[in-house]
There are 2 protein chains.
Amino acid sequence: MDFSSFLTSLGTSFVIFVILMLLFSWLSGKPGNKVIYYPNRILRGMDPWEGGSRTRSPIAWIREALSSTERDVIAMSGVDSAVYFVFLSTVLGIFVLSGIVLLPVLLPVAATDTAKPTNGTSKGSFNDLDKLSMGHVEEGSSRLWAFLLATYWVSFVAYYLLWKAYHHVSDLRAAALMSPEVRGEQFAILVRDIPPPTEDQTRKEQVDTYFKTIYPDTFYRSMVVTDNQEVNKIWEDLEGYKKKLVRAEAIYAESKKTGKPEGIRPTHKTGFLGLIGNKVDSIEFYNEKINELIPKLEAEQKVTLREKQQSAALVFFSSRVTAATAAQSLHAKMVDTWTAMDAPEPRQMIWPNLPKKFYERVIRQYVVYAIVALTIFFYMIPIAFVSAFTTLENLRKYLPFLKAIVDIAALKTVLEAYLPQLALIIFLALLPKLLLFLSKAEGIPSESHAARAASGKYFYFTVLNVFIGVTLGGALFDSFKQIQKNPNSAVNLLATSLPASATFFLTFVALKFFVGYGLELSRIVPLIIYHLKRKYLCKTEDEVKAAWTPGDLGFTTRIPGDLLIVTIVFCYSVIAPIIIPFGALYFALGWLILRNQVLKVYVPSYESYGRMWPHINTRVVAALLLFQVTMCGFIGIKKFHFTPFLIPLPILSLIFAFVCQKKFYHFFQATALEVACQELKETPNMEQVFRSFIPPSLSADKAADEDQFEDALSVVSRSQSFV
Amino acid sequence: MDFSSFLTSLGTSFVIFVILMLLFSWLSGKPGNKVIYYPNRILRGMDPWEGGSRTRSPIAWIREALSSTERDVIAMSGVDSAVYFVFLSTVLGIFVLSGIVLLPVLLPVAATDTAKPTNGTSKGSFNDLDKLSMGHVEEGSSRLWAFLLATYWVSFVAYYLLWKAYHHVSDLRAAALMSPEVRGEQFAILVRDIPPPTEDQTRKEQVDTYFKTIYPDTFYRSMVVTDNQEVNKIWEDLEGYKKKLVRAEAIYAESKKTGKPEGIRPTHKTGFLGLIGNKVDSIEFYNEKINELIPKLEAEQKVTLREKQQSAALVFFSSRVTAATAAQSLHAKMVDTWTAMDAPEPRQMIWPNLPKKFYERVIRQYVVYAIVALTIFFYMIPIAFVSAFTTLENLRKYLPFLKAIVDIAALKTVLEAYLPQLALIIFLALLPKLLLFLSKAEGIPSESHAARAASGKYFYFTVLNVFIGVTLGGALFDSFKQIQKNPNSAVNLLATSLPASATFFLTFVALKFFVGYGLELSRIVPLIIYHLKRKYLCKTEDEVKAAWTPGDLGFTTRIPGDLLIVTIVFCYSVIAPIIIPFGALYFALGWLILRNQVLKVYVPSYESYGRMWPHINTRVVAALLLFQVTMCGFIGIKKFHFTPFLIPLPILSLIFAFVCQKKFYHFFQATALEVACQELKETPNMEQVFRSFIPPSLSADKAADEDQFEDALSVVSRSQSFV
């Protein structure tokens, strides 16, 4: 790729971005679109536009985003979102501080070197961009000192800001956990691996006796986990029929207005997909079905609560401190029984995973790791092929029928710029679902934990496949035999092929932020889908609401995506410092646009009180480590005798990671008691806390029908529970 | 070494053993020796002889040892000793069950093979002993199946018995921890890394406020750790002078009886070692010194309590469950502050280590590991030399002046049998002190933990140096260059040199149990020292008592020593099954003799409630793993095509270790709550518990002088402390 095609790519991206911006300004002002652009505010019962004025300047959202505080973010979207912004601003800070020093120093140092490039230039002709990179510096030149010291500068800036960020996130988490408001999950623990009860005991009695002995003063009540598969199925059927009934009634009501005054009663066929079978009156049919299912559900609820009790339970305490200590303490002398942990929020509980057995979980975990490792390894091959094939020369050579299209000059430049990157982006979109599924299969009890696990896998995936895969792809294609002979040359190979892919990644970053964030802000796709659905499918209020409900921020893919950019920018920051402004722009734009989205669009689907941070921190340090090791190799092949001066850096990174882990990590696994012991605003309503954990398929429609919970949900010992 | 010298060695050992037995029977019956043979009973105020009769049969001790129960052992010597017997009996069980199958099967299989030995025989001539070993079996013979299956048998017997033993030890620990008696350390936690207090707070107020907030109902009081170096010095001086005064008075009193009725007042010189300086009247001088030091001590106590408070504290709770949860829970959001752990017993607290800082401890640990690793590595060299030099041929060759002695036929045989082993045993006696010192330097807070750490290091030491060192020593001496060329041959080398050292280790084991346990039971050395001291040195009752106080069992060296035998016997069990009866005899004799010693002689110096067990279990499994890997190599070099059938075994061992760790280990680190929540016999006297933790140098002579503790030891909030 030459310089002009790089500029073209940059230009096109920017034009697309501007168009999307304009679209956003225009569309977001229309009242009919407010559910797309302000759903989070609407769902919270707030006025979509701050101040209520409809005639706003098109850049009002920027002002609002910039003036919003961390407190606003926490109020609107929770601690997890605030932590995500800490991540964005920390990385932005690292890049800005690095750029301020590296750009004015390294660019002149590289550009004024007189040497002819010996290796490490882009494939194809030598061009202006490469002049600004370290590849342009002569071997063994004392100018390399500047690059060596730059590596130190970037590393220390990163350590300093990451350290501050970890402190800040700890404080955020502590503040949220010590909030005087009653949060149910702070009063409960999840107990798994309960041994079989004795003959004369029910599971419920067993659990109650056990915890009442240990915590005579603060034990409130327990809820034994049941196998809800059957009851869930019936409940979902019932809910489905209820929705369909509402829909049929809406259609009937509408037909009264538009057609004959008595209306047309809607009908449908009962067979496969409504295409075959008997034709029935929909309203009657659904009413019948609902009346049939309600007693069935109630019966199944009773059976479930009484007979399908599993070896896990939620235990409730009337004190936050007790719940926090109970979640951290060993209860049984056999460690693999009565294992306790913090209860997840009710909304993020993965019920089917709760009763999974201790060793089953361990085995599942290793099996999943093995599968993921195999997947990572075998995806390398297709990525390498994609990267090697999708150059225009190759396309023309292997797919001659494309020649006519490819040879149009304008199109050629665009294609040349985007083709490999697009293939990559589409390819990566297929993975997250699989990884989330695999993570849940490990037996993880909460959605947020599963998201973290999937996100971690996705990170290794992207870094290994995209970064190392693309970098080495071309080189491997040619020099596969060489590697086979001498596997130690892999590090050298990485170092030699990095500069060759610099412009590829420059374009990749630019594409990601201009087009990616443009699409993010303008929400073109959800908007179109919403309008189509509303016009042709939705008949009831609920259906319309479902059509615009925005979902959450999607940390599972968002964070690994950002971390990939971090890895790329780190690794190129010294080799080709010109990438730093692009990285900074990515995170600046990301901060701004996502601030808007978090405040106005996305609705968080869970709250993990910032547990994502240790995960992010570790991976940023891992990226830093990769950068430092690559720099060792890269300065090494420049025949620079002082390369060993870089060796302390990777060691320092490992120590930094170790100290972070020792100093902060445990607090992200467990609740510190000094935090949990803060006074509450009011005495918690334990009944309400307890009820919030009952899964919807088990909660009776008639609200206060207490009797039927007696079976699996333990009796309140009202005489004792509050002391 | 040929067969006859082996028999001579065995014979001599046995004769020594019989003599020592007879000595024991004779000496232990004499009333003057009862403090040597029954100190544990005497110190507990029991009658030395059970039933009180002096005329006992010489084998009465065997009957008593065999009829004693685990409960007796726990009552007389604590859980740690009982756990040690579980270890002995488990290993004995493994060897007996292995021997029952392996001896009748493998010996005939090996002996009846007609092949000439191809490798793996003892150095020197082919002899009868080697006929019974696996080295006698032809290469690739299908007889090797028997040895392969024997490896499986030994492994599964070991798994089964270790699993049962771990269960049993868990129960022992649980029973001890749930005992209804009040044990001080169960009501306290040790808090380290306390951050600096704010300006307007003393350390004591800071600690009290912190814990009172978190545990408003059960917090009793705190004791801030002080820097006791100064006060300890003064206190030791004072105690020394007090002893000397008593001694001087005793001498004076005696002189009245023997000499003139007015007596001779003892005098001494005040200079170096009492040899130079002014001659003074001892009684007056010591009285003067004591009167001088008492006010100095009191002043120093006050200064220490007020001004030398450190960043660690003991915190007392009025409930066992609270103390157990507090020791396991995270208190501060910065994990490296306010770190809590179980309080050690007062008697095993290592005070100077308590205030050591978090990262200082980590760094110290790694430094110590590095030193130990270096030591292990560099001791290999002398051991290899010792092993290569101390053969008679070499001695004659290199030290020709010994020729005359060495050539006496009888002496020659004895020397040949014992020389290398004696060198080894003396050599190993020098190490434990160093390792214990290094372990304490890590910053470990309790004696029992330091003993475990030292014991672990000693185990690696002995196994690496003695077992692998001696085995490879001779071989390495010859084939050092070969290893340099191809380091992969090390495993093969181990496998080939193992059989060559079989008789060496056979003799080593026999020597250890006959002579070692003979000396252990007869207590010749302590007896002689005691009588010499009593006759020539001791003047007062206290001095006599100090002369016979027996000390503890010495787990630091005893357990690694036993584990070395376990490793040796495991590794040879299949190669030369004749070693199994020796191993079994070692542990049977050990069980019997130590049972006597534990019940009657040794006084435990601490109680760790069986925390030694996970350590033992891991190392027995490690020995098993070494055995299995060696067998892979050994059967492999016999060109047996089914060797890969052995590969599942090491993997199984790793899984076994992992499952043990998961299932049991955590309970040995922390107190399970279901154990701690057992009812107590009486409401604990918290004042007494608290006082038991005050170090002797700080506890005032006048008993109830509460005021002076107010400074570092927190005030009891009497209104709140019992709820």
Side-chain angles (χ1 to χ4, degrees), chain A residues 166-167 169-175 177-178 210-218 319 321-322 324-340 358-359 361-363 366 655 658-679 723, chain B residues 166-167 169-175 177-178 210-218 319 321-322 324-340 358-359 361-363 366 655 658-679 723:
Chain A
Y166 219 141
H167 255 287
V169 171
S170 287
D171 290 341
L172 284 182
R173 177 172 163 85
L177 287 177
M178 63 170 73
Y210 191 85
F211 284 97
K212 222 178 269 172
T213 317
I214 298 176
Y215 308 99
D217 300 332
T218 46
S319 141
V321 174
T322 311
T325 57
Q328 297 173 53
S329 297
L330 177 71
H331 282 82
K333 63 183 178 184
M334 290 297 128
V335 184
D336 56 358
T337 58
W338 296 102
T339 50
F358 194 83
Y359 296 105
R361 286 177 341 239
V362 174
I363 293 166
Y366 283 109
I655 293 174
F658 176 78
V659 172
C660 279
Q661 211 252 347
K662 281 283 176 194
K663 188 174 179 70
F664 301 106
Y665 184 51
H666 194 177
F667 177 50
F668 285 80
Q669 290 182 299
T671 307
L673 299 187
E674 68 174 20
V675 164
C677 75
Q678 301 295 316
E679 294 258 325
V723 178
Chain B
Y166 219 141
H167 255 289
V169 172
S170 287
D171 290 341
L172 284 182
R173 177 173 164 84
L177 287 177
M178 64 170 73
Y210 192 84
F211 285 96
K212 222 178 268 172
T213 317
I214 298 177
Y215 308 98
D217 300 333
T218 47
S319 141
V321 173
T322 311
T325 57
Q328 297 172 54
S329 296
L330 177 71
H331 282 83
K333 65 184 177 183
M334 291 296 129
V335 183
D336 56 359
T337 58
W338 296 103
T339 50
F358 194 83
Y359 296 105
R361 295 189 318 253
V362 174
I363 292 166
Y366 283 108
I655 293 174
F658 176 78
V659 172
C660 280
Q661 211 252 347
K662 280 282 175 193
K663 188 175 178 72
F664 301 106
Y665 184 51
H666 193 177
F667 178 50
F668 285 80
Q669 289 182 298
T671 307
L673 299 187
E674 69 174 21
V675 165
C677 74
Q678 300 296 314
E679 294 259 325
V723 178

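Per chain, numbering begins at 1; letters A, B, ... match sequence-line order.
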Under 4.5 Å to a heavy atom of chain B? For A/Tyr665 that would be backbone
The interface call for A/Thr337 against chain B, heavy-atom contacts under 4.5 Å, is neither
Exercise. Is the closest side-chain heavy-atom distance between B/Val335 and A/Lys662 below 4.5 Å?
Worked result: no
Rounding to 0.5 Å, atoms CE (B/Met334) and CD (A/Glu674) come to a distance of 9.0 Å
Pair count under 4.5 Å, heavy atoms only, with chain A: among B/Ala327, B/Ala670, B/Ala332, highest is B/Ala332
Across all chains, not counting sequence neighbours, the ring pair (Phe, Tyr, Trp, His ring centres under 6.0 Å) partners of A/Phe664 are A/Trp163, A/Tyr166, A/His167
So, the part of A/Val659 with a heavy atom under 4.5 Å from chain B: the answer is both
Value for SG (A/Cys677) from OH (B/Tyr210), rounded to nearest 0.5 Å, stands at 7.5 Å
Honestly, the part of B/Thr322 sitting under 4.5 Å from a heavy atom of chain A is neither
Output for pair (B/Thr325 OG1, A/Tyr215 OH), nearest 0.5 Å, gives 6.5 Å
Check: Around atom OH of A/Tyr366, are there more than 12 heavy atoms of other residues, nucleotides or ligands at under 6.0 Å?
Finding: no
Check: A/Gln328 side chain to B/Leu330 main-chain N or O, any donor-acceptor pair under 3.5 Å?
Finding: yes
Honestly, the part of A/Phe668 sitting under 4.5 Å from a heavy atom of chain B is neither
Salt bridge (charged side-chain N to carboxylate O under 4.0 Å, His left out) pairs touching residues 328-340 of chain A, sequence neighbours excluded, are A/Lys333-B/Asp171, A/Asp336-B/Lys663
Bottom line for B/Phe211: the part with an atom under 4.5 Å from chain A's heavy atoms is neither
